[in-house]
Amino acid sequence: MAILDQGPPHYKKMLPPIVEENYGKWKYHEIPRPGVLKHVGESGAALYSVRVGTPRLVSIDFIRDVCVIADEYCDGYLRWTTRNNIEFLVSDEAKLNPLLEKLEAEGLSVGGTGRSVSNIVHTQGWVHCHTPATDASGVVKAVMDDLYEYFNTMKLPAKLKMGLACCLNMCGAAHCSDIAIVGVHRTPPRINHEVIRKGTEIPSLVASCPTGAIRPDPKNKSVIVNEDKCMYCGNCYTMSPAMEIYDPKNDGIAILIGGKTSNARTSPSFSRMVIPFLPNTAPRWPETTEAIRKIVELWIANANDGERVGEWVERIGWERFFTMAELPFSDMLIDDYIFSRETFRTSAQFKY
Amino acid sequence: MAILDQGPPHYKKMLPPIVEENYGKWKYHEIPRPGVLKHVGESGAALYSVRVGTPRLVSIDFIRDVCVIADEYCDGYLRWTTRNNIEFLVSDEAKLNPLLEKLEAEGLSVGGTGRSVSNIVHTQGWVHCHTPATDASGVVKAVMDDLYEYFNTMKLPAKLKMGLACCLNMCGAAHCSDIAIVGVHRTPPRINHEVIRKGTEIPSLVASCPTGAIRPDPKNKSVIVNEDKCMYCGNCYTMSPAMEIYDPKNDGIAILIGGKTSNARTSPSFSRMVIPFLPNTAPRWPETTEAIRKIVELWIANANDGERVGEWVERIGWERFFTMAELPFSDMLIDDYIFSRETFRTSAQFKY
Amino acid sequence: MTEKNTPLLDELEKGKWPSFVTEIKRAAVKSEAAGELLQVLERSYKERRGHWKHGGIVGVRGYGGGVIGRYVDEPQTYPNVAEFHTVRLLQPSGWFYNTKTLRTVCDIWEKYGSGLTNMHGSTGDIILLGCKTEHIQPIFDEFSEAGFDLGGSGSCLRTPNCCVGPGRCEHACYDTLEACYNITNEFMDELHRPMWPYKSKIKFSGCANDCTSSIARSDCSVIGTWRDTLRIDQDAVKEYAAKIDIKAAVCDKCPTSCLTFNAETQELSVKGEDCTRCMHCINVMPKAIQPGKEKGATILIGGKSTIVQSAFMSWVIIPFMKMEAEDDFAEFKDLMRRIWEWWDEHGKSRERIGETIYRLGMTKFLNGIDVPPVPQMVFRPRANPYVFWNQDDLDRSGTALDGSKL
Amino acid sequence: MTEKNTPLLDELEKGKWPSFVTEIKRAAVKSEAAGELLQVLERSYKERRGHWKHGGIVGVRGYGGGVIGRYVDEPQTYPNVAEFHTVRLLQPSGWFYNTKTLRTVCDIWEKYGSGLTNMHGSTGDIILLGCKTEHIQPIFDEFSEAGFDLGGSGSCLRTPNCCVGPGRCEHACYDTLEACYNITNEFMDELHRPMWPYKSKIKFSGCANDCTSSIARSDCSVIGTWRDTLRIDQDAVKEYAAKIDIKAAVCDKCPTSCLTFNAETQELSVKGEDCTRCMHCINVMPKAIQPGKEKGATILIGGKSTIVQSAFMSWVIIPFMKMEAEDDFAEFKDLMRRIWEWWDEHGKSRERIGETIYRLGMTKFLNGIDVPPVPQMVFRPRANPYVFWNQDDLDRSGTALDGSKL
Ligand code: SRM
Ligand code: SRM
Ligand code: SRM
Ligand code: SRM
Ligand code: SF4
Ligand code: SF4
Ligand code: SF4
Ligand code: SF4
Ligand code: SF4
Ligand code: SF4
Ligand code: SF4
Ligand code: SF4
């Protein structure tokens, strides 16, 4: 019989001795080279963390390979980061360079520290979810390949934190990212009346729609969608597979930028939509990688030292950003939802 | 028969010759002393405007007295400002000092320019309106008496623009003032069922309530107010005198601060509530004059040069303002209406 | 009522600020209505409540507004203010007067009314405070004769107003006085005959100082601005440099940090494309800095006070529009017609246009009035992905399975 | 399915970033399910649509969640992924592992599942990607044996997570690892047995850098901070002064302008009461500046992503709370209980707590959880005057007609 409610494995069992000894007594850190953090304790002890990018979706063989490396260079200790990178925890400075060589040899990617782009927080996509408007892992792979030179160096103006969510549920919590890649459906669900009649709970289905776009159609023993009210959120599809929300022709990607969650300097902020749609050009989404690269290069060329994407855009003004980025501005980018009013320019101050 | 739609008197007939000559060709201005503006035209011509405070609610005798003065010193030309002050338009510099002496002799108040408090934009109150929660002219008189030293000097950190509205309709448009004085009802309307039965259109009455607090009571041929939903706006009272909204015990004044409408430096901003209630202590509202004076003195003592009230508070932070002003903070000051969310501190940055 | 005792109000004759009580007393010398007003008001002061009632619609032939009906709640006790209506008169642009005109106002009002006025109402009108129903038409007739007209009330265009502008201000970027006069005259029907969901206001400010507070107080705010770069007179800069700390007082406070003062050469320079025309530097150094040459106005929509949906400030819908008397403000008038038409069609009763736009969304509004969206309309783009797609847009952007554009 | 051709996916094995396709292929060597996943995915790439369905509830005895049911839409064509459920396992705090533990995970998963994982899920769990319904209970049993437990899914407390904190970060203001472990254990019932209106998340960040993005991604964000003044080591300041421009890189970017660098003495000083503890200066000069001594956390509530009412960020409800393992985080646990109880009573189905508070108002929420209002909860006070008054408040503040306080 399984033990219920025993909780997670105890973290204390997972800490390397150097962490136990210096627990809560770290004094400062340095970044001796991209991908390597050096944390120094009050005791003078130094811990090197070597950060390695992963596709997040990994096989057990990958994990076992990683364990082999950790055993050899890290006394068997390692961790993952909040962005799904691995950190090899090296307490013996002598093992640092050998480890780096080993990683190089294995083709693993060291980077993601300091002023770099780190792994993209992302989601399931076509691999495992039922409402995706795009794939997750594939887009991430294409974008990270393209931005690789900014992963293994630290030559950006500031950290670049990206997120991807394959539908509006935003499991990638992309809504506060420097650059957010969001899968969007753009057409109302097609109703499979057969499937509905076969056993969908119509009241629950009606209730699932946040905009009240679905109403019962008793005659037909099915439902009707008011297409003017639908915002393609896919909530109804989660309720019933009869509400086919996927649409290969029209599904795709929106780009939002300028969000952050740290409180450093400026308060956390939401990402804002700058491109309402890019096509799902699998397998490598060239329109998406190109659009992102353009924004990143513009930011590099124009931001002040240390300025996150959003801090830069807010300083120069969004109207200026659209000009500089040569991105078309359209009514789709103007908010028309609950908190729209705060986005309207209630000021005579603006740039042309 | 009256002529319909002939429009306002033509302003051109009202302009003194110096204005006609320099129309659109003014070059700069100076403020040689409080209450006196000197505008210099490209031609070199100089126009002196002498600003005089008024109670706004004036008798025709007052206007005639003013005309006598204007005839003597201004060739019969004068104007009113957007804040209900009079400006005597002096084109002959030699007449400036005699005018000032005359005004002094007549007991008229010269001031309101530059870094001063000007007249308070205000409304009808008990003098003429049907929904007031306080008087307008009386409160203004009490406050201006108290702040008089800042009207006829220019020793404030910046302009001080005040507004008063005697009910939530805010005819004084106080919502973007440095300091706003707002009459507030605090209890739901008492229903005079007799009066309703005598001829109130119940559907219109029900519809007049913005929060949907009123519902018909067909049995009683009257209506019922859901007191939990009522926000005391008085809209129903405008619809029907049966909905008695006035309440001598509980009506009074709220103070909001920090708004502005100019785009100078910072964008226009709303005033924010800092005192939810002060009693209607007619005839001189000592609690109100005292509360305002305290805020003004605090601003004077702490603002940077040129900082409007709101600019100062935003710089130091509202949490600091409440401490400095020794004002109690309560849940009443936290927004709970449509756009509340933007006021919540979605940040770990704050002062203790 | 014979009681002449007003101990509470008398308290308001003390102090340095001019007293409205004194004014009512002056009027009371000639007008019984004004005398009774004093009594009613003293009672309000004692009881801390108003005594006025809304009531039946009053007005003049041919118009649907311009007069506010008002009745005391105890007509038997105060017969002279049993009816005590307000007449709103359109003021001359910028509230400029010659004394002859003012005396005319006084004379007619003395004949029929309480002798009390507001100079001016909060919207801008000349307010004549207190007259009987039977006198309304004669009052209007005589004022009409003398060249006056009624202002707005009800669900119509309200009396527009404007700042002093070119009449006496070096900052004016368009002719506010002429614009207000001309445009008020254009929309006489809209002003005198209520026909919309609710009231609609226009205010004209010559520059971004917004001395009419148009952004907060009017559904349409017309705020003067320029399209090119502000102009700097370096000699005058040097004069100011002798008096003020230009870096601290001007450059450091520029919201876009686009001004640089070179302490050595004593020259001020601006990065023109960064300037948001906030007016600050010009305000501090009017002799040295002036607006650019290509002048016009920004048009903002939606301002209103608190009830129902909260107070709104107007927001940009046309970043720059020429406002020339020469072409009769044609573009502006045309825009206003499209705006009101859209609102008239879509607005609910007692819904200000800002609220209608907020409810239906800027997209529908912009489409409805045929104005192209530009980023100047917003502080920042939307944070949510709830874009509405119509078939046209889909057709332009979809992708076929073979990767070809549809 | 025998077709092994994946030309589209193969494209994603090119490039420098590690490839998930390669990983699926590695798993496919041992697992037929993984092989079929590859085929389904290739089809998705061709057709540009997903092929997975939501479906019947799957789970383990005694729990209401922890497993996500997933089914392919053409089970006949892809029998090995006809059922392809996800198992969520609670991760160790801060995602620290020893290799022994990791190998255990691999071994059990190899036995029953696809051999594919997410390290880690976006909420923080170890994600085991793809297994059959019949294997769910055995998988759980074996993991349980090995010291693991299921994570959250459904309308319950979701798996909390935390930053590396005191484990390897000099900024940590409380013990995030212990807090996450201890508090997760405290709320096992809330985590394993869905009973609320919707999901609820907690994330623990040791300082305002918020390396878990808790403010955006969790209903309750616990962000480390301090109550006193940050500490400056002047010797270390001098070291930094040799390398960076302290004024430009630190002082000028301080949001409250409370830092001054004296270029002569090479000393840095802070106006402690103005500092909002944003972390910027500490981030740039970790050797020279550190948090104060009186440490704890700010508690913020309401964060969530887009659907339905828009994305919300959490806002402050407790500016400073001690977070000490010594007193078993008692204050925090007690607070969470009150918060969930209030939400459980007032929230609608599928309404996150932020949305419930927004709908009902902060006042009701604060009263409900018995937390006193403080100005730190808001950026600024309300702009509208729509205050709700209850009889108590009226009794405390009204005035009788004789002027006496009631
Ligand atoms: C390892 C990790 C925590 C963990 O428990 O896993 C971590 C570790 C550190 N963070 Fe972080 N942060 C980590 C995710 C985050 C996140 C969350 C995220 O990425 O989704 C944020 C908030 C993101 C945002 O603002 O949108 C975050 C915002 C920061 C900041 C603030 C940056 C800024 O200026 O806005 C700092 C300070 C700095 O770097 O100057 C910081 C600083 C640090 C330091 C320097 C702290 C220290 O002294 O040890 C660590 C090394 C940073 C580096 O890589 O340069 N960390 N850090 C996470 C690494 C993710 C990764 O693999 O890339
Ligand atoms: C006469 C008047 C316009 C009119 O058509 O009647 C006027 C006239 C001038 N205004 Fe104004 N403003 C007038 C109402 C306003 C208003 C509206 C109001 O008061 O309700 C505002 C916006 C208020 C707000 O922001 O809340 C206003 C915001 C300004 C500003 C911006 C101040 C700031 O720094 O925020 C300036 C610039 C300055 O003074 O430096 C300005 C500047 C000026 C100048 C200097 C313009 C000029 O060069 O002639 C005039 C003299 C100002 C003075 O008294 O110091 N005027 N000014 C109004 C006088 C009202 C009064 O009797 O006191
Ligand atoms: C006379 C005046 C106040 C004053 O003492 O100056 C005034 C007086 C009234 N206003 Fe007003 N409003 C006056 C300017 C304003 C302003 C300011 C402005 O125009 O710049 C506002 C705020 C700006 C705005 O329009 O939002 C204003 C917002 C309201 C509202 C709320 C409208 C809203 O959408 O929120 C109402 C309520 C209504 O329309 O039923 C209202 C209603 C009223 C009524 C008609 C209420 C009533 O039904 O009795 C008041 C008549 C009082 C009386 O005894 O005559 N009044 N009203 C102002 C008009 C004078 C004039 O024509 O020059
Ligand atoms: C697995 C995971 C994505 C990933 O690849 O990492 C995930 C996957 C799903 N999420 Fe999520 N969410 C995951 C983290 C998140 C996050 C991020 C976070 O927790 O930090 C969010 C945004 C933050 C938040 O909670 O608001 C998130 C917001 C949602 C929502 C929208 C909730 C809302 O209030 O807006 C839904 C919709 C729902 O609950 O019905 C959702 C629903 C789903 C479902 C259950 C949809 C469904 O019914 O099939 C997805 C199951 C996919 C699958 O195939 O297993 N997921 N979901 C993440 C959980 C892994 C883990 O346990 O560690
Ligand atoms: S973002 Fe949407 S499609 Fe992607 S994993 Fe989450 S719920 Fe599924
Ligand atoms: S996609 Fe969303 S908005 Fe459209 S019908 Fe379904 S639930 Fe409603
Ligand atoms: S603010 Fe209210 S009470 Fe005062 S005049 Fe306007 S409508 Fe009347
Ligand atoms: S006062 Fe306002 S909210 Fe209250 S019942 Fe009357 S109309 Fe409704
Ligand atoms: S708004 Fe501008 S143009 Fe008009 S009076 Fe004020 S400063 Fe002058
Ligand atoms: S007008 Fe304002 S933004 Fe432009 S230069 Fe002057 S201060 Fe700067
Ligand atoms: S949130 Fe703070 S304490 Fe935690 S890892 Fe990031 S910087 Fe360190
Ligand atoms: S923590 Fe932030 S606010 Fe405090 S002194 Fe440092 S930079 Fe300034």
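No hydrogens, no waters, no symmetry mates; every other heavy atom, side chains included, goes into these values. Chain naming here is simple, since letters A, B, ... match the order of the sequence lines and numbering starts at 1 in each.
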Stepwise side chain to side chain contact (heavy atoms under 4.5 Å, CB included) check, A:I338 with D:Y358: CA-CA 12 Å; A:I338 308 178; D:Y358 167 63; 3.6 Å; yes

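- Heavy-atom distances place the side chain of D:Y63, and not its backbone, under 4.5 Å from chain A.
- Ranking D:P92, D:G50, D:A208 against chain A, the residue ahead of the rest is D:A208, based on heavy-atom pairs under 4.5 Å.
- Using a cut-off of 4.0 Å between Lys/Arg side-chain N and Asp/Glu carboxylate O, D:R26 and A:D65 are scored as salt-bridged.
- With a threshold of 4.5 angstrom between heavy atoms, D:K304 approaches chain A through N, CA, C or O but not through any side-chain atom.
- Note: A:Q6 CD to D:F143 CZ = 12.0 Å, rounded to the nearest 0.5 Å.
- Heavy-atom distances place the side chain of D:T101, and not its backbone, under 4.5 Å from chain A.
- Residue D:Q91 touches chain A through its backbone alone, counting heavy-atom pairs closer than 4.5 Å.
- With respect to chain A, the highest number of heavy-atom pairs below 4.5 Å among D:M279, D:R277, D:R217, D:R70 belongs to D:R70.
- Taking both residues in full, the closest heavy atoms of D:P18 and A:G53 are given as CG-O, 3.7 Å, listed atom of the first, atom of the second, then distance.
- Considering only heavy-atom pairs separated by less than 4.5 Å from chain D, the leading option among A:V19, A:D61, A:T211 is A:D61.
- Distance check: A:H122 NE2 to D:S122 OG gives 9.0 Å after rounding to the nearest 0.5 Å.
- Heavy-atom pairs under 4.5 Å with chain D were tallied for A:S262, A:C166, A:P8; the largest tally goes to A:P8.
- Heavy atoms closer than 4.5 Å to chain A are found in both the backbone and the side chain of D:H54.
- Interface remark: D:I24 contributes side-chain atoms only to the contact with chain A (heavy atom separation under 4.5 Å).
- Minimum heavy-atom separation, A:I60 to D:T117: CG2-CG2, 4.4 Å.
- With respect to chain D, the highest number of heavy-atom pairs below 4.5 Å among A:E87, A:K260, A:M239, A:R83 belongs to A:E87.
- With 3.5 Å as the limit, one finds no donor-acceptor pair spanning the side chains of D:H120 and A:N84.
- Here the closest heavy-atom approach between residue A:G306 and residue D:K253 is recorded as CA-NZ, 3.9 Å.
- With a 4.5 Å cut-off on non-hydrogen atoms, D:D107 touches chain A through its backbone and its side chain both.
- Here A:H130 and D:W52 keep their ring centres 6.0 angstrom or further from each other.
- Across D:C169, D:C254, D:A27, the residue that shares the most heavy-atom pairs under 4.5 angstrom with chain A is D:C169.
- For the residue pair D:T306/A:H175, the side-chain donor-acceptor check at 3.5 Å is not satisfied.
- In terms of heavy-atom pairs under 4.5 Å with chain A, the best-connected choice from D:S93, D:G167, D:P255, D:G62 is D:G167.
- Looking only at heavy-atom pairs under 4.5 Å with chain D, the residue among A:D305, A:T54, A:N22, A:N304 that has the most is A:T54.
- With a 4.5 angstrom heavy-atom cutoff, D:L37 touches chain A only via side-chain atoms.
- Options D:Q290, D:R168, D:H280 differ in how many heavy-atom pairs under 4.5 Å they form with chain A, and the most are formed by D:R168.
- Using a cutoff of 4.0 Å between basic side-chain nitrogens and carboxylate oxygens, A:D71 and D:R103 are scored as salt-bridged.
- To the nearest 0.5 angstrom, D:N209 atom CG is 9.0 Å from A:T261 atom OG1.
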Side chain to side chain contact (heavy atoms under 4.5 Å, CB included) between D:L116 and A:H128: does it pass, once the steps are laid out? CA-CA 11 Å; D:L116 287 168; A:H128 202 257; over 6 Å; no

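- A salt bridge between D:E13 and A:K141 is absent, with no side-chain N of the basic residue lying under 4.0 Å from a carboxylate O of the acidic one.
- Ring pair A:W285/D:Y45: centre-to-centre distance below 6.0 Å.
- A salt bridge is defined here as a Lys NZ or Arg NE, NH1 or NH2 lying under 4.0 Å from an Asp or Glu carboxylate O, and A:D135 with D:R49 fails to meet this definition.
- Both the backbone and the side chain of D:T86 come within contact range of chain A, judged by heavy atoms closer than 4.5 Å.
- Heavy atoms closer than 4.5 Å to chain D are found in both the backbone and the side chain of A:V127.
- A ring-centre distance under 6.0 Å is found for D:W17 and A:F151.
- With values rounded to the nearest 0.5 angstrom, A:L4 atom CG is found 7.0 Å from D:S144 atom OG.
- Both the backbone and the side chain of D:L12 come within less than 4.5 Å of a heavy atom in chain A.
- Salt-bridge annotation for A:D247 and D:R48: absent, with no side-chain N of the basic residue lying under 4.0 Å from a carboxylate O of the acidic one.
- For D:N118, the parts lying near chain A are the backbone and the side chain together; criterion is any non-hydrogen pair under 4.5 Å.
- Listed options A:M170, A:R56, A:M144 were ranked by heavy-atom pairs under 4.5 angstrom with chain D; first place goes to A:R56.
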Please lay out, stage by stage, how A:Y23 and D:L177 fare under the test side chain to side chain contact (heavy atoms under 4.5 Å, CB included). CA-CA 11 Å; A:Y23 197 85; D:L177 302 176; 3.4 Å; yes

Checking A:D75 against D:N98 for the side chain to side chain contact (heavy atoms under 4.5 Å, CB included) test, could you report, in this order, the C-alpha distance in whole Å, the side-chain angles of both residues, the deciding distance, and whether it holds? CA-CA 9 Å; A:D75 309 315; D:N98 55 43; over 6 Å; no

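- At a 4.5 Å heavy-atom cutoff, the contact between D:I307 and chain A is made by backbone and side-chain atoms alike.
- If you take OH on D:Y181 and NZ on A:K12, they are separated by 9.0 Å, rounding to the nearest 0.5 Å.
- The contact between D:E178 and chain A is made by backbone and side chain atoms together, counting heavy-atom distances below 4.5 Å.
- Counting only distance, with no hydrogens or angles, the side chain of D:E23 and the backbone of A:L57 share no donor-acceptor pair below 3.5 Å.
- Aromatic ring centres of A:F270 and D:F312: separated by at least 6.0 Å.
- The two residues D:N185 and A:G7 come nearest to each other via the heavy atoms OD1-CA, 3.5 Å.
- Heavy atoms of D:A172 lying under 4.5 Å from chain A are absent altogether.
- Ranking D:S349, D:C281, D:G15 against chain A, the residue ahead of the rest is D:G15, based on heavy-atom pairs under 4.5 Å.
- A ring-centre distance under 6.0 Å is found for A:W80 and D:Y97.
- Between A:N169 and D:S305 the shortest heavy-atom distance is O-OG, 2.7 Å.
- Nearest approach of A:A2 to D:F140, heavy atoms of both residues: CB-CE2, 3.4 Å.
- Considering OG of A:S269 and CE of D:M313, their distance stands at 6.0 Å, rounded to 0.5 Å.
- Taking a cutoff of 4.0 Å between a charged side-chain nitrogen and a carboxylate oxygen, D:E110 and A:R64 qualify as a salt bridge.
- Contact annotation: the side chain of D:W95 approaches that of A:T82 to within less than 4.5 Å [non-hydrogen atoms, C-beta and beyond].
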